[in-house]
Amino acid sequence: MKSQRQKVREQRARQRTITRITWGIIGGVILIGLGYVFWIAVRPAAGQSIPVMADTGHVEEGTDPGPFNSDPPTSGRHYANEFEAGFYDDTSLEAQSPYPEGYLVHNLEHGYVIFWYNCQLLDEQGCQDLKTQIKDVIDEQDNFKVIAFPRDTIDVPVVVTSWGQMQTFEQFDPERANAFVVSNRNKAPEPEAP
């Protein structure tokens, strides 16, 4: 038969073991959380890096903000205003602006990701399918800092850009497009801007 003293020692030993396990779990969760935050902060950007242009200042609206060092642009001179997030097509008033990239580069500076698409390279059904796929990605991203915009100067159906980054798509891949958005959104000089 165990003495009262022995029972108390065993109970205290069990309590110490439970306390150590509990603190070990809490410490593990904290380390995992810190690791995740660190990974988000230092994760590499997706796509091809494009050198950020030396002049990224504002120019007067209506003037040509170019030339840019890439097509479509990933940085450069731009207007002081930007476009709203969402999907734009050829009939959008914004698409009819003489220099929409002036507004869109400002979006990039604020951490947006832009899907530039060229339906002239596709038949009518292919164009509709592409637009639907892009809209699905935008919806998956809750339309947060994501824009789709027509651009007939690109030589592939879709190019996705962020500040200083570009990903081309001969064939649109929603999984890679989502990964680009997640990796590159808000990696820009003014990510806190709406």
Side-chain angles (χ1 to χ4, degrees), residues 41 43-122 127 130-131 133-169 172 177-194:
R43 71 181 182 260
Q48 172 189 1
S49 290
I50 306 294
V52 173
M53 296 182 67
D55 185 359
T56 60
H58 289 167
V59 296
E60 186 178 329
E61 285 187 45
T63 62
D64 185 355
F68 299 102
N69 64 348
S70 63
D71 184 25
T74 61
S75 67
R77 297 179 333 144
H78 56 278
Y79 302 149
N81 293 306
E82 68 279 336
F83 287 158
E84 295 290 322
F87 190 94
Y88 295 85
D89 60 30
D90 293 324
T91 61
S92 302
L93 291 176
E94 291 83 354
Q96 297 171 25
S97 169
Y99 305 108
E101 54 277 313
Y103 300 100
L104 292 165
V105 170
H106 195 156
N107 286 99
L108 293 174
E109 183 183 46
H110 287 181
Y112 278 69
V113 172
I114 301 175
F115 290 77
W116 309 83
Y117 64 94
N118 185 357
C119 275
Q120 293 180 7
L121 301 174
L122 305 168
C127 177
L130 176 63
K131 287 180 178 181
Q133 290 177 317
I134 293 171
K135 288 175 184 176
D136 288 346
V137 171
I138 289 174
D139 288 344
E140 285 180 47
Q141 297 298 325
D142 295 325
N143 200 31
F144 177 65
K145 289 194 172 185
V146 183
I147 292 175
F149 204 85
R151 187 162 182 94
D152 62 6
T153 60
I154 58 175
D155 58 1
V156 293
V158 180
V159 177
V160 185
T161 61
S162 63
W163 188 259
Q165 296 296 123
M166 175 185 292
Q167 178 92 46
T168 60
F169 290 89
F172 190 68
N178 270 309
F180 185 94
V181 174
V182 170
S183 293
N184 297 338
R185 181 173 39 211
N186 276 335
K187 288 197 172 189
E190 300 175 12
E192 69 286 344

Hey, what's the ring geometry for His78 with Trp163, parallel, tilted or perpendicular (30° and 60° as the breaks)?
perpendicular
Measure the spacing between CD1 of Ile114 and CG of Leu104 and express it to the nearest 0.5 Å.
4.5 Å
The test is side-chain contact (heavy atoms from CB on, under 4.5 Å); show your working for Ser70 and Met166 and say whether it passes.
CA-CA 9 Å; Ser70 63; Met166 175 185 292; 3.7 Å; yes
Apply the test side-chain contact (heavy atoms from CB on, under 4.5 Å) to residues Phe169 and Val156: give CA-CA distance (whole Å), side-chain angles for both, the deciding distance (0.1 Å), then the verdict.
CA-CA 6 Å; Phe169 290 89; Val156 293; 5.9 Å; no
Close side-chain approach of Glu190 and Glu192, heavy atoms under 4.5 Å
yes
Taking the side chain as every heavy atom from C-beta outward, state whether Leu122 and Leu130 have any pair of such atoms under 4.5 Å apart.
yes
Atom of Ala85, atom of Ile147 and distance for their closest heavy-atom approach:
CA-CG1, 3.8 Å
In this structure, CD of Glu94 is separated from CG of Asp89 (nearest 0.5 Å) by 10.0 Å
Nearest non-hydrogen partners of Pro65 and Tyr79, listed with the distance:
CD-OH, 3.9 Å
Can you confirm whether more than 12 heavy atoms, excluding those of Glu60, are under 6.0 Å from its CD atom?
no
Looking at Asp139, is its backbone amide N or carbonyl O close enough to the side chain of Asp136 to form a donor-acceptor pair, meaning the two atoms are under 3.5 Å apart?
no
Residues Asn107, Val105; criterion side-chain contact (heavy atoms from CB on, under 4.5 Å); working and verdict:
CA-CA 5 Å; Asn107 286 99; Val105 170; over 6 Å; no
Taking Ile154's backbone N and O only, do any of them form a donor-acceptor pair with Asn118's side chain (distance below 3.5 Å, no angle check)?
yes
Parallel, tilted or perpendicular, as decided by the 30° and 60° cut-offs, for the rings of Phe83 and Tyr88
tilted
Side chains of Val146 and Arg185: does their closest heavy-atom pair fall under 4.5 Å?
yes
Distance from Thr153 atom OG1 to Gln120 atom CD, nearest 0.5 Å?
9.5 Å
Is there a donor-acceptor pair closer than 3.5 Å between any side-chain N or O of Tyr103 and the backbone N or O of Ser97?
no
Using modelled atom types and a 3.5 Å cut-off, is there a donor and acceptor pairing between side-chain atoms of Ser183 and backbone atoms of Phe180?
no
Decide side chain to side chain donor-acceptor pair (under 3.5 Å) for Glu82 and Tyr112; before the verdict, give the C-alpha distance in whole Å, the side-chain angles of both, and the deciding distance to 0.1 Å.
CA-CA 10 Å; Glu82 68 279 336; Tyr112 278 69; 6.0 Å; no
Take Thr74 and Gln165 through the side chain to side chain donor-acceptor pair (under 3.5 Å) test and state the conclusion after the steps.
CA-CA 6 Å; Thr74 61; Gln165 296 296 123; over 6 Å; no
Determine, stepwise, if the pair Asn186 / Phe144 fulfils side-chain contact (heavy atoms from CB on, under 4.5 Å).
CA-CA 10 Å; Asn186 276 335; Phe144 177 65; 4.1 Å; yes
Over all heavy atoms of both residues, which pair between Tyr99 and Gly62 is shortest? Give the atoms and the distance, please.
CE1-O, 3.4 Å
Is any side-chain heavy atom of Gln141 closer than 4.5 Å to a side-chain heavy atom of Val182?
yes
Between Thr91 and Gln96, what is the shortest heavy-atom contact and its length?
O-NE2, 3.4 Å
Of the non-hydrogen atoms in Gly47 and Gln167, which two are nearest, and what is the gap between them?
CA-OE1, 3.3 Å
Atom CG of Leu108 and atom OG of Ser162: how far apart are they, to the nearest 0.5 Å?
7.0 Å
Result of checking Arg151, Arg77, His106 against Glu101 for side chain to side chain donor-acceptor pair (under 3.5 Å)
Arg151
Quick one: pull up CG in Asn81 and NE2 in His58 and give me the separation to the nearest 0.5 Å.
8.5 Å
Under a 3.5 Å distance rule, please check whether Lys145 uses its side chain to pair with a backbone N or O of Val181 as donor and acceptor.
no
What about Phe172 and Tyr117, are their ring centers closer than 6.0 Å?
no
I need the minimum non-hydrogen distance between Pro150 and Asp90, along with the two atoms involved.
CB-OD1, 3.2 Å
Between CH2 on residue Trp116 and CG on residue Asp71, distance to nearest 0.5 Å
8.5 Å
Tell me, yes or no, whether the heavy-atom count around Glu84 atom CD, taken from other residues, nucleotides or ligands under 6.0 Å, exceeds 12.
no
